[in-house]
There are 2 protein chains.
Amino acid sequence: MQLETATIKTIADTIGLSLTTVSRVLNGVAKKYRISKATEERVLAEADRLGYIPNQAARNLRLKKSFAIGLVIPNLANPFFANIVSVVNQVLHERGYSVILTDCNEEEKLEIEAVNALSARNMDGMIVIPSGRGKKHLELLRQKRTPVVFIDRYFEDLAIPYVATNHYDGALKITEYLIANGHRKIACLQGSNHVMPNIKRVQGYIDAMKGHGHDPFYIGGNGFTFESGYLETKLLMQRSERPTAILALSDTILLGSLKALAEDGYRVPEDISIATFDNSVYLDFLACPVTSVSQPVTDIATIAIKLLLDKIEQQSTSGLTEQEKILISPAIIYRSSIASIP
Amino acid sequence: MQLETATIKTIADTIGLSLTTVSRVLNGVAKKYRISKATEERVLAEADRLGYIPNQAARNLRLKKSFAIGLVIPNLANPFFANIVSVVNQVLHERGYSVILTDCNEEEKLEIEAVNALSARNMDGMIVIPSGRGKKHLELLRQKRTPVVFIDRYFEDLAIPYVATNHYDGALKITEYLIANGHRKIACLQGSNHVMPNIKRVQGYIDAMKGHGHDPFYIGGNGFTFESGYLETKLLMQRSERPTAILALSDTILLGSLKALAEDGYRVPEDISIATFDNSVYLDFLACPVTSVSQPVTDIATIAIKLLLDKIEQQSTSGLTEQEKILISPAIIYRSSIASIP
DNA sequence: TCTAGTTGCACAATCGATTATTCTTTGTAC
DNA sequence: GTACAAAGAATAATCGATTGTGCAACTAGA
């Protein structure tokens, strides 16, 4: 077997035709250029025999198109993001695109580097879940006319489409459910306080409380992490006035919170009720299964890709329409972690 | 601001030098080609002013090097794989490589397509966790001299390096621990029975049983999935002779198994003991925290990348040495899911 | 002053694929 | 028999970066 990789030239030489003809056949435009059936078949047969695979770098250079989509996400170790990547990846591959991934570890510096690196690789489009609050590198993409879509996290003042859960709505509903169950002292353990999902969720919590005539009881924490949930819960339970319920704004926060509660001997839901976001699969199997806001991951990913591919294929230069700001209302999955209190 | 992307030609034209000189300065080989300090500075200043980013497709084509590593994995939704990808991604980006990801959804067909697509993109190297049992597409990579390293799953008869947990050892130890706690009727719920980790784990289970004079009690299941764990446990508990312990060969299987046990009213560990693999973070928070074999994900990923980059950078054409078949013994994390029985 | 060597930079080919343009041959109509 | 059209395929430029080789201009030593 030949060690040399076959190129269009290899094929052209072995069957004595020009590069042009071979290229046209392989691109399926033989008819358009009146290439005879016989020639077409000879080319195809030879390409097959040599195991020809077109060099993408050459195509990319010539066509200024990479057939690749860049994916920039905060942290793959978080199952919620991993799920999004999984779905996005699958759909894009079906559509013939490669996926170039970067995990930014929630650091803005890495995010900027990633966006620039992807830009150098001529991405046909990008899907970004921003880690930081900086926008300059993202605006530069618009100048370069690279289509971008945000998932989950977004900037409202940027003319870049986004698809996300209606975080506000989810938080509002689940807080109202807690209130309906008699809770007043509901503590909210938040994530990174500069990202949109967190801002909206906190606002939902606040509005639900106020809407029912209560002041927000407590808002603390500063990251979508296990550690933040753990520390914040420890602090929380040492206050003179303890909460009757905790609303964790992510599953990672929840696990930390549960660990703190368990260490201090609090039982769920007897001693304290708890609710969370994200609805990871293991919530059903915890000591006490936890009620959760369930984000429609598959829908979000699918819609985002549709938006992106539309932009890529039409290159519509029109401004941002309302249809490109999409929020999907989440469902709430009821489990046994919330007790009714008088 | 200019909308056109700056190229080397742009820079050369605006300061009146040749492409050659600009390229050499930007590649940091100015000294080698005796380019004056003054010229060098003019070039750098202009590149900076124009926000020049080298076109990777052009470099890739010319250098036959993509500065990218292909990653082929079975399923990102599985936290174990997501963690691997997270670590791999981070280390590679530090080293200046991009990561091109494909999730194969555990399908061999997708795996083959992915490997070919990555090959067309001239990957400098690839890290593969095979989904299927086919090897032809992987052998073709050796012909093309693309360095490859397997992680977690591997083929012993292929001259391709691998880094994995010592699955056999892990299964042996945890089974012996169950035996030491008085268990004899230990059921083993397996994953995909054609992949190496599963084969080795099952063998460890069998050898531990036999080593202590017992016949393997039960081996069932056929996938690293929630469903397999659930169904198999339902079947298992309907047998006339019930197990006193279950060894789930992954966390996903575990969750399914726990659901089945809970539905039928069995308590862990009072009615039945249970142990698992993977040590996901949520194991601590289950109704009964579950004892688990903990795979050294970070170590595995780090070593695999070291092997790969060594191969890429030296292009050592030497055969596979023993040092390129690396198995790391896992630790066991003891929790309360295993009861001592008389 | 002349030669040999050094300094500073440019020419042009190359990587593989695409494509507008051009060229040749064959067929057809009057 | 001439003119012209259509069929079938080739020439050559192009995308952006890299690099072996070549060529002035200048310097230093004899």
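Per chain, numbering begins at 1; letters A, B, ... match sequence-line order.
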Does the side chain of [X] come under 3.5 Å of the side chain of [Y] through a donor N or O and an acceptor N or O?
X	Y	answer
A:Ser86	B:Asp103	yes
B:Ser18	B:Thr21	yes
B:Thr14	B:Glu46	yes

Can you tell me the distance, in whole Å, between the [atom1] atom of [X] and the [atom2] atom of [N]?
X	N	atom1	atom2	answer
A:Asn60	C:dT18	CG	P	12 Å
A:Leu17	D:dT11	CG	P	11 Å
B:Lys9	C:dC11	NZ	P	11 Å
A:Leu61	C:dT19	CG	P	13 Å
A:Ile11	C:dG16	CD1	P	13 Å
B:Asp13	D:dG16	CG	C1'	13 Å
B:Arg42	C:dC9	CZ	C1'	11 Å

Task: Within-4.5 Å side-chain heavy-atom neighbours: B:Asp152 and B:Pro197 - done: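 Yes, close enough: below the 4.5 Å cut-off.
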
Open item on the list: Within the 4.5 Å heavy-atom criterion, are B:Ile160 and B:Phe155 side-chain neighbours or not?
Closed with: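 When only atoms from C-beta onward are counted, B:Phe155 and B:Ile160 do not touch, as no gap falls below 4.5 Å.
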
- [ ] Give the C-alpha distance, both sets of side-chain angles, the deciding distance and a yes or no for side-chain hydrogen bond (donor to acceptor under 3.5 Å, both in side chains) between B:Ser23 and B:Thr20.
- [x] CA-CA 5 Å; B:Ser23 171; B:Thr20 312; over 6 Å; no

- [ ] At under 4.0 Å between heavy atoms, which parts of nucleotides 18-25 of chain D does protein reach? Answer with one letter per nucleotide, 5' to 3': B base, S sugar-phosphate only, - none.
- [x] BBBB----

TODO: Using a 4.0 Å cut-off on protein heavy atoms (strictly under), produce a 5'-to-3' string for nucleotides 24-29 of chain C with B for base contact, S for backbone-only sugar-phosphate contact, and - for none.
DONE: ------

- [ ] Would you check if the distance from the ring center of A:Phe150 to the ring center of A:Tyr162 is below 6.0 Å?
- [x] no

Using OP1 and OP2 only, check whether a side-chain N or O of [X] sits under 4.0 Å from [N].
X	N	value
B:Thr7	D:dG16	no
B:Ser18	C:dC11	no
B:Lys64	C:dG16	yes
B:Ser36	C:dC9	yes

Open item on the list: Consider salt bridge (Lys or Arg N to Asp or Glu O under 4.0 Å). Of B:Glu113, B:Glu107, B:Glu111, which one does B:Lys109 pass it with?
Closed with: B:Glu113

Task: Residue B:Ile35, side-chain heavy atoms: nucleotide from C:dC9, D:dA17, D:dA9 that is nearest - done: C:dC9

Open item on the list: Between the side chains of A:Glu41 and A:Lys37, is the shortest nitrogen-to-carboxylate-oxygen separation below 4.0 Å, so that they form an ion pair?
Closed with: no

